[in-house]
Amino acid sequence: MPDSNTTDFTNPSTFILLGIPGMEVVHIWISIPFCTMYVIAILGNFIILFIVKTDPSLHGPMHYFLCMLAVTDLVLCTCMIPKMLSIFWFNSREIDFSACLTQMFFINCFFAMESGIFMAMAFDRYVAICDLLRHSTTLRNPVMAKIGLAVTLRGSMLALPCSLLARQWPYCKSNIIPHTCCEHMAVVNLACADIRISSYYGLTVANLVICLDMFFIAVSYTQILRAIFSLPTKDARLKTFGTCGSHLCAILAFYIPGLFSVLTYRFGHHVALHFHVLFANVCLLGPPMLNPIIFGVRTKRIRGRLLRLFTHKGT
């Protein structure tokens, strides 16, 4: 009798998300930290959006970029965490083929968008520190809109081929995805065809986005550091560098785990599968949770507005 999971089919109507392979018995316990992280991410990013919207003094380039980041984080975590929790809590493992490819697109697109926003924020810090007199004229609202549009188009154009290629492959091995979401390579590895083009494209895009954006961020901060060290006093240097502190912390929280996840998934063949899946989920959910905390704590104007908001409610 043939195995129902290996029956020949070229266009499966549904995939089965396995969750975290080998850890099914503790899914309910694993769900607790992920649910907590998701709630923090949702509340934190909505609070950031609310504060910036209601405070006219925060209507500037830096805080507009922060709002773009908050919206990106909300979409990135929401496109995967609800389905993950439904697997953990209700054993709801099925996902429609088209919905799976849509989820794949959104994860890849908004990951690339988040990287692009960090690069744009580095440019904002460069102009603010190295060319302060032209900051308000360089990053006007129309320019901000064009940057946002460019970041969105870049993310969409880089992510779309992954889903289109995945749609064309025949799937005759299995419809079980050993993951909590429709991660690109976890899906195409089920195809009974030569998937090297998908593999090479995915690896190239991931490295291109991370490495190229990190390069431009590094160039911006090289110029920023040169400007900072040219300041006459230590207090002035520390104060100026402090305006970049939250951005640098968010960059490290995003790029270091992301780069490690890409490298281990592609080349860490001896690493346990459950570690791959767990770490990939932490990499995708960690930045949306940490970004509002980092910017809320380290950005003086947002921290002050947040304190006034809760103090006013408390009284």
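Quick caveat: nothing in here was measured; it's all calculated off a predicted structure.
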(message) Could you check whether atom CD of E94 has more than 12 heavy atoms from other residues, nucleotides or ligands sitting under 6.0 Å from it?
(response) no

(message) Taking CD1 in I197 as the centre, count heavy atoms belonging to other residues, nucleotides or ligands within less than 6.0 Å. Is the count above 12?
(response)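 12 or below, so no.
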
Looking just at side-chain N and O atoms, do [X] and [Y] make a donor-acceptor pair shorter than 3.5 Å?
{"X": "H179", "Y": "N281", "result": "no"}
{"X": "D55", "Y": "S57", "result": "yes"}
{"X": "D96", "Y": "T14", "result": "no"}
{"X": "H184", "Y": "Y201", "result": "no"}

(message) With rounding to the nearest 0.5 angstrom, report the CE to CZ distance, M104 to R167.
(response) 10.0 Å

(message) Within this structure, what is the CD1-CG distance for the pair I87 and L17, rounded to the nearest 0.5 Å?
(response)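 If we round to the nearest 0.5 Å, I87:CD1 and L17:CG are 4.5 Å apart.
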
(message) Ring centres under 6.0 Å, that's the criterion: do F106 and F111 meet it?
(response) no

(request) Please confirm whether F260 and F279 have ring centers closer than 6.0 angstrom. (result)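 Close enough - the centres of the two rings lie under 6.0 Å apart.
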
(message) Starting from M119, can I reach F215 by hopping between I/L/V/M/F/W/Y residues whose side chains sit under 4.5 Å apart?
(response)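 Yes, same cluster.
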
(message) Please determine whether residues L43 and M80 belong to a single hydrophobic cluster, defined as Ile, Leu, Val, Met, Phe, Trp and Tyr linked transitively by side-chain heavy-atom distances below 4.5 Å.
(response)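 In one cluster: no.
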
